[in-house]
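Accompanying notes for the structure given below.
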Number of protein chains: 2
Amino acid sequence: MSTPDPTTRDRILETARRLFHEQGFHATGISTILREADVHSGSLYHFFPSKDALLIGVLELYIQLLRPAVMDHAEQAATDPIERVFALLNLYRSGLEHLDFKMGCPIGNLALEVADDQPEARRLIDQNFRNWAAVVRSWLDEASDRFSPEADREQIALFVLTVMEGAMMQARAARSLVPFDASVTQLRAYFDALSFAARTNAHAHTPPASHTPEI
Amino acid sequence: MSTPDPTTRDRILETARRLFHEQGFHATGISTILREADVHSGSLYHFFPSKDALLIGVLELYIQLLRPAVMDHAEQAATDPIERVFALLNLYRSGLEHLDFKMGCPIGNLALEVADDQPEARRLIDQNFRNWAAVVRSWLDEASDRFSPEADREQIALFVLTVMEGAMMQARAARSLVPFDASVTQLRAYFDALSFAARTNAHAHTPPASHTPEI
DNA sequence: CAAGCAGTTGATTGATCATTCAATCATGTC
DNA sequence: GACATGATTGAATGATCAATCAACTGCTTG
């Protein structure tokens with residue numbers, strides 16, 4: 001009912017998306033995609049002129065999936081905007097656990113595998129990252145009362161993405177949630193400190209914002 | 001003088017290391033390694049029985065390179081242990097800039113590309129991460145006066161690695177230092193907050209260490 | 001000088017890679 | 001029912017992949 005008749009194109013995209021996530025882009029052969037999607041090569045090349053074009057299609061699919069497959073679940077898991085940030089991180093934590101550390105963030109995986117000779121794919125990976133951080137940013141803005149006016153919420157949103165990706169990478173390598181939980185715990189402590197600073201920002205004892213590099 | 005006759009094995013390892021970093025593991029063909037190292041296939045397979053074994057050799061090489069090629073430079077760039085942490089991050093920043101965002105952290109790249117069917121490689125990637133974090137941990141311990149006793153310096157060291165890897169990934173995707181600098185700035189603010197909390201830890205107004213998940 | 005052996009040569013293997021394309025099928029239009 | 005168009009079939013292409021191996025070289029040791 002909800003998915004009455006997936007198009008051939010959709011079946012190719014979904015299979016490629018899954019295999020790129022499971023095995024990586026280079027490690028996934030076209031023949032495997034054809035077999036698992038139950039499609040012949042001519043059909044694939046009818047819709048996607050090359051493997052690179054297929055990757056672009058997958059990255060566009062991920063842009064569409066961000067809200068329904070990721071962010072909606074985080075928003076459902078918590079109502080407080082700050083708690084939504086950590087609910088989001090917890091979604092990725094659950095993914096690690098359930099898939100036995102075999103797969104990390106699909107965009108992160110592609111980000112490090114896709115070389116510079118695929119500029120369009122690189123651009124779409126960047127767009128995925130920007131959209132992800134923009135949702136976090138919107139949550140932070142909802143909780144603007146818990147940040148001091150000097151706190152750069154755009155930077156903090158990028159920082160949350162940084163922590164998620166770095167924590168996923170370490171957890172996969174260690175096949176353990178320890179580094180992931182450690183990173184999230186430290187991020188939580190930072191958020192607590194920011195909130196504390198916001199509550200006492202009229203005083204003189206706020207931590208100095210020194211060492212901020214020129215950008 | 002300093003490198004007076006690299007052995008064939010060393011030449012293979014160094015070429016493979018460079019190409020894996022530039023292009024990734026799967027994207028690098030044996031034939032390319034052979035050409036650029038000026039070696040014939042039999043010689044390569046005399047030392048390394050398979051491409052996977054070559055990857056293991058490269059990862060062991062990286063373990064050896066950590067101190068002389070990375071950490072020594074960070075220690076030379078700053079004497080204060082906390083500043084060494086940020087000097088280390090600045091080394092990676094320089095790498096991004098210098099190489100036009102084409103290459104990130106070689107270990108991080110491999111961490112996301114190497115699948116679970118190469119358990120020995122995965123273990124060595126984890127070892128590289130652990131050694132990296134252990135050096136950071138040793139610096140944090142040197143500056144233990146700037147952390148409150150409750151601050152978990154082991155977790156913080158893992159957190160620094162998380163931030164480095166996540167920031168490198170985002171910077172590469174964006175082809176911009178903005179997300180990298182944003183992440184480092186936020187990490188610096190966290191360190192400042194930790195230091196501030198340590199200086200005032202006798203008071204009642206320290207941020208609550210709530211929401212720490214059980215591990 | 002003989003024997004042994006680590007190291008090297010380089011052609012060759014079969015498998016798999018991404019991609020092509022002429023033929024065929026399904027569907028809607030005039 | 002003729003025609004056009006989009007979609008599908010599936011065998012075939014040449015390139016490249018990792019890996020093999022018998023022959024050969026140069027050095028060391030007795």
Side-chain angles (χ1 to χ4, degrees), chain A residues 3-59 61 109-110 113-122, chain B residues 3-59 61 109-110 113-122:
Chain A
T3 55
D5 258 45
T7 316
T8 300
R9 187 178 192 275
D10 289 343
R11 220 165 56 249
I12 293 169
L13 268 185
E14 172 55 25
T15 306
R17 186 204 63 75
R18 178 175 54 81
L19 289 171
F20 289 169
H21 190 195
E22 288 174 2
Q23 314 182 348
F25 176 69
H26 284 108
T28 299
I30 296 278
S31 62
T32 308
I33 299 172
L34 298 175
R35 189 184 339 111
E36 304 216 4
D38 197 29
V39 159
H40 297 269
S41 62
S43 290
L44 190 150
Y45 282 93
H46 175 71
F47 295 106
F48 304 99
S50 69
K51 195 186 178 187
D52 286 2
L54 181 56
L55 173 62
I56 287 168
V58 167
L59 287 167
L61 172 61
N109 294 354
L110 291 171
E113 196 181 353
V114 167
D116 220 63
D117 58 357
Q118 286 163 271
E120 179 68 5
R122 202 222 86 248
Chain B
T3 56
D5 265 43
T7 59
T8 301
R9 197 187 125 95
D10 289 344
R11 220 164 57 248
I12 293 169
L13 268 184
E14 172 54 26
T15 306
R17 186 205 62 77
R18 177 174 55 80
L19 289 170
F20 289 169
H21 190 195
E22 289 174 3
Q23 314 182 349
F25 176 69
H26 284 109
T28 299
I30 297 277
S31 62
T32 309
I33 299 172
L34 298 176
R35 191 184 337 112
E36 303 216 4
D38 196 28
V39 160
H40 297 268
S41 62
S43 290
L44 190 149
Y45 283 94
H46 175 72
F47 295 105
F48 306 99
S50 69
K51 195 186 177 186
D52 287 2
L54 181 56
L55 172 63
I56 287 168
V58 166
L59 287 167
L61 172 62
N109 295 354
L110 291 171
E113 196 181 354
V114 167
D116 221 62
D117 59 355
Q118 286 164 272
E120 179 68 6
R122 202 222 85 249

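These figures come from a predicted structure and were not determined experimentally. Chain identifiers are assigned alphabetically (A, B, ...) following the order of the sequence lines, protein sequences preceding nucleic acid strands; residue numbering begins at 1 within each chain.
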Legend entry - side chain to side chain donor-acceptor pair (under 3.5 Å) contacts in which one or both residues fall within residues 36-57 of chain A, not counting sequence neighbours: A:Arg18-A:Glu36, A:Asp52-A:Gln118
Inset, instruction - Search all heavy atoms of A:Leu44 against all heavy atoms of A:Leu34 and return the closest pair with its distance. - result: CD1-CD2, 3.6 Å
Inset, instruction - Can you check each nucleotide of nucleotides 4-18 of chain C against protein heavy atoms at under 4.0 Å and return B for base, S for sugar-phosphate only, - for none, in 5' to 3' order? - result: --SBBBBB-----SS
Legend entry - Partner of A:Phe20 by side chain to side chain contact (heavy atoms under 4.5 Å, CB included), out of A:Thr15, A:Leu59, A:Val58: A:Val58
Inset, instruction - For B:Val114 and B:Ala121, work out which heavy atoms get closest and say how close. - result: CG1-CB, 4.1 Å
Legend entry - Side-chain donor/acceptor of A:Glu113 to backbone N/O of B:Glu113, under 3.5 Å: no
Inset, instruction - Write down the distance between CD1 (B:Ile12) and P (D:dA19), rounded to a whole number of angstrom. - result: 14 Å
